[in-house]
Number of protein chains: 2
Amino acid sequence: MRKGEETRTRILDVAEAAVLQKGFGGTSIEELIAETGITKSGFFYHFRDKNELAKALLNRYIENDERIYDEIFSRARDLTDDPLQTFLLGLKLLSELLSDLPNGHPGCLVATVCYYERLFDREIQETNRNAVLAWRRRFGRMLRDIMEVYPPREPINVDQLADMVSSVLEGGIVLSKTLKEPNTLAEQVLMLRTFVKMLFLPVAEMPRA
Amino acid sequence: MRKGEETRTRILDVAEAAVLQKGFGGTSIEELIAETGITKSGFFYHFRDKNELAKALLNRYIENDERIYDEIFSRARDLTDDPLQTFLLGLKLLSELLSDLPNGHPGCLVATVCYYERLFDREIQETNRNAVLAWRRRFGRMLRDIMEVYPPREPINVDQLADMVSSVLEGGIVLSKTLKEPNTLAEQVLMLRTFVKMLFLPVAEMPRA
DNA sequence: TCCCCTCCTGCACCGGCGGTACAGTTTTGA
DNA sequence: TCAAAACTGTACCGCCGGTGCAGGAGGGGA
């Protein structure tokens, strides 16, 4: 039936916004049901407890996150065949997407879960871990493609460089939110882009990608 | 009087560890008093409410954080006069300090507060903001010293590069904690070091700092 | 048309927690 | 020794997460 899914989605929408602002512990089920206009019984019909809500929330967030990266880098691939240019263009597109967010990035659920770990079960922690590993694989794959064509100027570990993309994103979100400077995150992504460009592009030529 | 301060410190120690694992919302006052062996009345004698505990916790954390950076970079300055070498050495020392942490980095309170913002008052949010701005000023100062001697290979904004240090640290902590790979954070710092080195060091010479 | 299944509502209740209030007690340093 | 500091003990409040269960609306298939 349709109606159930719709309500479930509405709860998840409200919950996601609340959790990103106040953390899981700071978000009460009572406030969620108040905002969605559902009763407590209705809530517990959809989610057995808070842990299951968190699970659903995290899974949905990660799926959406992956979809966004897929879109961005496939758009980049449509525009160039060169793996380095694809990556640089992808970072550019990402930074544009981030700076277009009206109120800045709302926060990353992976980080929220990370700073709340002890109260969740192993399954949710594993989900979170796998999400970060998926980022590592995604960016690592692209970086390996680049390295087949462009020898890096300095010896680097691919996984560590791939992780740096995640680091700068996660850290940039924290900085942006804390400083209340929405643009900081986008700037950090461009800074990372400069790094990647410098690492792989020959000294002589410096075309804009 | 001494005794009061001692108890206060013990509460803060227990609270800091708990908050970094479970967030503010996930940490109950009852568990804190159980672990410190104090009564509820005793707790509220030291802190008016949870918000004041958070305030004290954050201020202490930030002070300690600043002290650590002061020590690291003053040690680096003792070993070399060159501003670039000082910075690179400082990052190296920092990464060593981080990889020596027995159970990995426990987490950053600034990030915790960032992901819990809405439940705190303006004062605590301002404190958090100022902490990040202090990082920006600290690293920015060092980078400006570098740029007076070494022209950067690519045009960069100093504040944004300074922020990148904070980004990589905050992001590295999230990755390290989520992946349960304590070493990831230290590796990320070294990765950043590679970036800074590449940005400022002339192409020809590549001495190890 | 009837009935079943999904999708809820309403209500009563529990225990934990943040917080208040306040009286009394021990500890400590001048 | 004495006052202030640093607590303890007790009783209480309201919110919240969570349980249990009975019942009802509404739509889709037989």
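These values consider heavy atoms only, across backbone and side chains, with no hydrogens, waters or symmetry-generated copies.
- B:Asp145 has its side chain out of reach of B:Phe87: every pair of non-hydrogen atoms, C-beta onward, lies at least 4.5 Å apart.
- Side-chain contact between A:Leu161 and A:Phe139: absent, with no pair of heavy atoms (C-beta onward) separated by less than 4.5 Å.
- Salt-bridge check for A:Lys92 with A:Glu96: failed, with every basic side-chain N at 4.0 Å or more from each acidic carboxylate O.
- Regarding contacts with the backbone of C:dC8, every side-chain N or O of A:Tyr45 stays at 4.0 angstrom or more from both OP1 and OP2.
- Looking at B:Phe43 and B:Leu53, their side chains come closer than 4.5 Å, going by heavy atoms from C-beta outward.
- One can find a donor-acceptor pair under 3.5 Å joining the base of C:dG19 and the side-chain atoms of B:Lys40.
- In this structure, A:Phe47 atom CZ and C:dC7 atom P are separated by 12 Å, rounded to whole Å.
- Interface residues of residues 26-36 of chain B facing DNA chain C, ordered by number: B:Thr27, B:Ser28, B:Ile29, B:Glu30; criterion, heavy-atom separation under 4.0 Å.
- For D:dT10, the OP1/OP2 oxygens have no side-chain nitrogen or oxygen of B:Ser41 closer than 4.0 Å.
- If you measure from atom NZ of A:Lys50 to atom C1' of D:dC16, you get 9 Å, rounded to the nearest angstrom.
- Rounding to whole angstrom units, NZ of residue B:Lys22 and C1' of C:dC17 are separated by 13 Å.
- Distance A:Phe44 CZ to D:dC21 P: 16 Å, rounded to the nearest Å.
- Computed from coordinates, the B:Phe43 CZ to D:dT10 C1' distance equals 19 Å when rounded to whole Å.
- The interatomic distance linking A:Arg48 (CZ) with D:dG17 (C1') rounds to 15 Å, in whole Å.
- The closest donor-acceptor contact from the side chain of B:Lys50 to the backbone of B:Phe24 lies under 3.5 Å.
- The phosphate of D:dC7 has OP1 or OP2 within less than 4.0 Å of a side-chain N or O from B:His46.
- A salt bridge is absent between A:Asp49 and A:Lys55: the closest approach of a Lys/Arg side-chain nitrogen to an acidic carboxylate oxygen does not fall below 4.0 angstrom.
- When each of D:dG18, C:dT9, C:dG18 is scored by its nearest atom to the side-chain atoms of A:Ile38, the top-ranked nucleotide is C:dT9.
- In terms of modelled atom types and a separation under 3.5 Å, the side chain of B:Gln125 and the main chain of B:Phe120 share a donor-acceptor contact.
- Between A:Asp49 atom CG and D:dC16 atom P there is a gap of 18 Å when expressed in whole angstrom units.
- Atom CZ of B:Arg10 is separated from atom C1' of D:dA6 by 12 Å (rounded to the nearest Å).
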